[in-house]
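Below: one structure, written as structure tokens.
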Amino acid sequence: MTFAQRLDRIAGLTEARLGLLVGQKSEQSECGDNRIPPRLLGAIRHATLGGGKRFRPFLVVESAALFGLSESAALDTAAALECVHCYSLVHDDLPAMDNDETRRGQPTVWKAFDEWTAILAGDALLTLAFEILASPSVHEQPDVRVALISGLAKAAGAAGMVGGQALDLEAERLNGGRALTAAEILHLQSLKTGALIRFACEAGAILGRGSPEARAALSAYGTALGLAFQIADDLLDAEGDAATVGKAVSKDAAAGKATLVSLMGLEEARAELKRAEQAALDALAPFGTRAATLADAARFVVRRDR
Ligand code: GRG
């Protein structure tokens with residue numbers, strides 16, 4: 001199976017699992033106190049289903065495979081993480097944040113529904129993630145489930161993704177905007193984009209009860225991969241084609257957003273991307289050829305066009 005086929009396979013499995021997880025509590029449900037108002041459910045499904053690379057679920061499944069776990073044993077953890085990712089996109093697209101009208105080639109949730117429904121759909125997805133992780137279907141051992149809950153909460157929260165988003169918006173909007181240094185950009189991106197990607201890689205070691213050394217290696221891989229992912233995203237914004245990328249491009253420059261591309265220029269950003277790719281590959285050394293698919297993932301991130 002090629003890397004693209006493998007990514008597609010995990011995306012399909014994730015989509016099917018999410019379809020059940022965000023569809024089983026409809027208005028038609030016989031279980032009265034579990035019903036979700038239909039409009040809200042529609043927005044949650046719009047946010048979650050029918051698109052996306054499912055790259056974070058892929059990282060969970062592949063990092064868990066290093067410890068001998070099957071796809072199905074990692075899938076609920078992968079789906080929970082994707083719920084947090086989808087929530088972050090719904091909120092990021094809101095007029096008060098990035099004000100985007102297209103996501104994954106579709107109208108964003110607030111455009112397809114309205115702002116308050118989009119806010120509530122995001123809230124519901126964030127909390128659903130932890131409901132999923134608390135379920136025994138994630139892992140039979142409660143201490144593993146608690147470690148996943150704690151890890152995802154930290155990665156998504158104020159010292160993780162939310163904190164990164166706050167730093168990004170503060171730099172752009174407070175005191176008339178401020179140019180960030182490269183170190184400041186790297187820090188905010190390691191939170192905003194990096195924290196969830198890093199957690200996706202560490203999740204395999206948590207599920208598989210890997211050694212502290214193995215978890216540290218996956219964390220280092222995730223850190224480098226997250227950086228590469230963000231630089232590639234910024235390059236796509238600067239050079240990509242909106243139809244292929246599935247969302248508006250050239251937004252960073254228009255908003256005066258601080259990115260490594262705006263700070264260093266295209267050539268140096270591409271060189272930084274290559275360095276991040278190499279750091280990701282180096283971090284996988286302890287796993288040898290067993291990590292071949294994760295190595296391909298690093299190469300995929302660097303060459304992606306969407
Ligand atoms: C609103 C709390 C809050 C956080 C938002 C994730 C994020 C923080 C903002 C998204 C804006 C952005 C362009 C981030 C850079 C990289 C990124 C996360 C891109 C989207 O992820 P992909 O490419 O999307 O994995 P798909 O659609 O494939 O799932």
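Starting from 1, each residue takes its place in the sequence as its number. When a ligand or atom number is given, it counts from 1 through the structure's own listing order.
Taking 4.0 Å as the cut-off between side-chain N and carboxylate O, Glu277 and Lys274 count as a salt-bridged pair. Of the charged side-chain nitrogens involved, at least one lies within less than 4.0 Å of a carboxylate oxygen, so that Arg209 and Asp143 count as a salt-bridged pair. For Glu239 and Arg270, the salt-bridge test passes: some basic side-chain N is under 4.0 Å from an acidic carboxylate O. One finds a salt bridge joining Asp233 and Arg304 here, because a Lys/Arg side-chain nitrogen approaches an Asp/Glu carboxylate oxygen to under 4.0 Å. Of the charged side-chain nitrogens involved, at least one lies within less than 4.0 Å of a carboxylate oxygen, so that Glu71 and Arg9 count as a salt-bridged pair. Under the 4.0 Å criterion applied to side-chain N and carboxylate O atoms, Arg104 and Asp93 are not assigned as salt-bridge partners.
Ligand-side atoms of ligand 1 in range of Gln230: 15 (C), 16 (C), range being under 4.0 angstrom from any heavy atom. Of all the atoms in ligand 1, the ones that sit under 4.0 Å from a non-hydrogen atom of Tyr87 are 2 (C). Close approach to Arg304 involves these atoms of ligand 1, each under 4.0 Å from a residue heavy atom: 23 (O). Near Thr193, the atoms of ligand 1 lying under 4.0 angstrom from a non-hydrogen atom of the residue are 15 (C), 16 (C). Listed by number with element, the atoms of ligand 1 under 4.0 Å from a non-hydrogen atom of Ser88 are 1 (C), 4 (C), 5 (C), 6 (C). The ligand atoms of ligand 1 that sit less than 4.0 angstrom from a heavy atom of Val162 are 2 (C). Those atoms of ligand 1 that come under 4.0 Å of a heavy atom in Gly52, given as number and element, are 26 (P), 27 (O), 28 (O), 29 (O).
The proximity of Gln189 to ligand 1, defined as any non-hydrogen pair under 4.0 Å, does not occur for either the backbone or the side chain. Residue Gln165 touches ligand 1 through its side chain alone, judged by heavy-atom distances below 4.0 Å. At a heavy-atom cutoff of 4.0 Å, ligand 1 is contacted by no atom of Phe58, backbone or side chain. Counting heavy atoms under 4.0 Å from ligand 1, residue Asp92 touches it through both backbone and side chain.
Within the hydrophobic cluster formed by Ile, Leu, Val, Met, Phe, Trp and Tyr side chains joined at under 4.5 Å, directly or through other members, Leu273 is accompanied by Leu167, Leu180, Ile185, Leu186, Leu188, Leu191, Leu227, Ile231, Leu235, Leu260, Val261, Leu263, Met264, Leu266, Val302.
Considering each of His91, His85, Arg104, Met97, the one bringing a non-hydrogen atom nearest atom 21 (O) of ligand 1 is His85.
Residue pairs meeting the ring pair (Phe, Tyr, Trp, His ring centres under 6.0 Å) criterion with at least one partner in residues 145-193, sequence neighbours excluded, are absent.
Under the 4.0 angstrom criterion for non-hydrogen atoms, Arg56 is in contact with ligand 1.
Taking the ring centre of Phe67 as origin, the terminal cationic atom of Arg290 falls outside the region bounded by 6.0 Å and 45° from the ring axis.
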